[in-house]
Amino acid sequence: MMATMNALPTSDAVSKRLPLVKPPYPPEAEKTIGSTAFKGLSPLNLRLALANHPKLGNAFQAMAHVVLFQCAVPERDREIAIIRTGALTRSEYEWGMHVSIYGDKCQLNEAQILELTCAPDCRALSDTLWTPAEKTIVRMVDELHHHSTVGEETWQALLQNWPQDQVIELLFASSVYHMAAFFLNTAAVPLEDGSRRFPAGVRQAEVSAVA
């Protein structure tokens, strides 16, 4: 949904690294800032950070829009992949926004969200909370995160549970939001008001200081 150009949103949040673009907005940044498909809680601070590079910002938003709104893979399956990706990359912004916007909608309860966030691997997921197919999604995300590919067993399990086009969509769900997490974490994009925060014991990604 495109906001009118005389009423583009602003934010009072401050990033310690990459500044959020403030008005007056340059024309090339207006599409990045004004375009959102969300009602209510919206990734405004992310859009304002992306507006520092409108070409890449618009390209990222276009790809994320396809992943979220134009794919056939079930929404719950997609969100399991994205929330697990946000947890592994320790991106509190990404994790919190997807839990807040999609958690209830996808019938992910608190116990499931906690396991998606904290389970060391798919084998630690409870049989009572997850189907074998859902565990396969987590295994896919974990292998992508740790190995930049998936094993043959995981690949075959994906094809057994989803048509090929939806397997590709699951891969892109994790991959696109892995990229998003790198940007969100590195640019220190401020959390949105009203977005969920990590549970106790889970911390935002950081690099330890070199001694």
Side-chain angles (χ1 to χ4, degrees), residues 43 46 60 63-64 66-68 71-186 189 191 195-208:
L46 172 57
F60 168 78
M63 180 170 284
V66 173
V67 168
L68 293 178
C71 286
V73 71
E75 190 170 56
R76 177 182 166 96
D77 295 348
R78 182 199 73 217
E79 286 305 310
I80 289 171
I82 294 174
I83 292 170
R84 180 64 173 180
T85 300
L88 291 182
T89 55
R90 292 298 185 262
S91 179
E92 188 169 24
Y93 186 107
E94 179 171 296
W95 179 93
M97 290 294 283
H98 280 266
V99 170
S100 298
I101 295 172
Y102 292 105
D104 288 343
K105 187 178 181 183
C106 293
Q107 297 183 321
L108 291 167
N109 62 41
E110 289 300 314
Q112 290 172 319
I113 290 169
L114 187 61
E115 285 203 354
L116 272 183
T117 307
C118 300
D121 55 51
C122 68
R123 294 170 296 183
L125 298 175
S126 303
D127 292 337
T128 56
L129 294 178
W130 306 101
T131 68
E134 290 169 344
K135 289 186 178 184
T136 297
I137 299 172
V138 174
R139 184 168 69 182
M140 177 201 77
V141 173
D142 289 5
E143 290 180 0
L144 287 172
H145 180 75
H146 294 297
H147 304 290
S148 301
T149 188
V150 301
E152 185 62 24
E153 182 180 346
T154 302
W155 177 249
Q156 293 302 326
L158 289 166
L159 291 175
Q160 289 169 11
N161 285 285
W162 295 273
Q164 179 177 277
D165 63 331
Q166 293 185 29
V167 171
I168 293 171
E169 291 166 2
L170 284 172
L171 289 169
F172 266 81
S174 183
S175 301
V176 168
Y177 280 89
H178 219 128
M179 175 177 64
F182 289 165
F183 178 78
L184 287 160
N185 292 349
T186 304
V189 177
L191 302 179
S195 178
R196 283 279 297 270
R197 300 317 193 235
F198 271 150
V202 181
R203 298 180 60 185
Q204 170 68 27
E206 61 181 2
V207 176
S208 300

Which is it for Phe172 and Val66 under the side chain to side chain contact (heavy atoms under 4.5 Å, CB included) test, yes or no, and what are the steps along the way? CA-CA 10 Å; Phe172 266 81; Val66 173; over 6 Å; no
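- Partners of Glu152 according to the side-chain contact (heavy atoms from CB on, under 4.5 Å) rule, which considers only residues two or more places apart in sequence or in another chain, are Trp155, Gln156.
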Stepwise side chain to side chain contact (heavy atoms under 4.5 Å, CB included) check, Ser174 with Ile82: CA-CA 6 Å; Ser174 183; Ile82 294 174; over 6 Å; no
Hey, mind stepping through Arg139 and Thr154 against side-chain hydrogen bond (donor to acceptor under 3.5 Å, both in side chains) and telling me if it holds? CA-CA 7 Å; Arg139 184 168 69 182; Thr154 302; 3.0 Å; yes
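- A salt bridge (charged side-chain N to carboxylate O under 4.0 Å, His left out) check over residues 117-128, counting only residues at least two apart or in different chains, returns the pairs Asp121-Arg123, Asp127-Lys135.
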Apply side chain to side chain contact (heavy atoms under 4.5 Å, CB included) to the pair Leu170 and Asp77, showing each step before the final yes or no. CA-CA 8 Å; Leu170 284 172; Asp77 295 348; 4.2 Å; yes
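- Around the CE atom of Met179, the shell of radius 6.0 Å holds more than 12 heavy atoms that belong to other residues, nucleotides or ligands.
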Table please: side-chain donor-acceptor pairs of residues 89-99 below 3.5 Å, with sequence neighbours left out.
residue	atom	partner	partner atom	Å
Thr89	OG1	Thr85	O	2.8
Thr89	OG1	Gly86	O	3.3
Arg90	NH1	Ala87	O	2.3
Ser91	OG	Glu94	N	3.4
Ser91	OG	Asn185	OD1	3.3
Glu92	OE2	Phe198	N	2.8
Tyr93	OH	Leu46	N	3.4
Tyr93	OH	Glu192	OE2	2.6
Glu94	OE1	Ala181	N	3.3
Glu94	OE2	Gly86	N	3.4
Trp95	NE1	Thr117	OG1	2.8
His98	ND1	Glu79	OE1	2.8
His98	ND1	Glu79	OE2	3.4

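- Here CD1 of Ile168 is found 10.0 Å from SG of Cys71. Values are rounded to the nearest 0.5 Å.
- Remark: the backbone N or O of Gly201 is not paired with any side-chain donor or acceptor of Arg203 at under 3.5 angstrom.
- In this view, Leu108 and Arg76, Ile80, Ile83, Cys106, Gln112, Ile113, Trp130 satisfy the side-chain contact (heavy atoms from CB on, under 4.5 Å) rule, not counting sequence neighbours.
- Side-chain atoms of Thr136 come within 3.5 Å of backbone N or O of Pro132 as a donor-acceptor pair.
- Under the 4.5 Å side-chain criterion, counting only non-hydrogen atoms from C-beta, Leu144 is not in contact with His178.
- Sparse packing is recorded around CD of Glu153, with 12 or fewer heavy atoms of other residues, nucleotides or ligands lying under 6.0 Å away.
- Scored by the side-chain contact (heavy atoms from CB on, under 4.5 Å) test, Ser175 finds no partners at all (sequence neighbours excluded).
- How far CG of Asn109 is from CG of Asp104: 10.0 Å, rounded to the nearest 0.5 Å.
- In this structure, Ile137 CD1 and Asp142 CG are separated by 12.0 Å, a value rounded to the nearest 0.5 Å.
- Pro163 is linked by a side-chain contact (heavy atoms from CB on, under 4.5 Å) to Asp165, Gln166, counting only residues two or more places apart in sequence or in another chain.
- Among all heavy-atom pairs drawn from Phe60 and Ala180, the shortest one is CZ-CB, 3.7 Å.
- Cation-pi check for Arg78 over Tyr102 is met; the charged atom lies under 6.0 angstrom from the ring centroid and within 45 degrees of its normal.
- Heavy atoms only, all atoms of each residue included: Gly151 and Glu143 are closest at N-OE1, 2.8 Å.
- Under the 3.5 Å distance criterion, with hydrogens and angles disregarded, a donor-acceptor pair is assigned to the side chains of Glu115 and Ser126.
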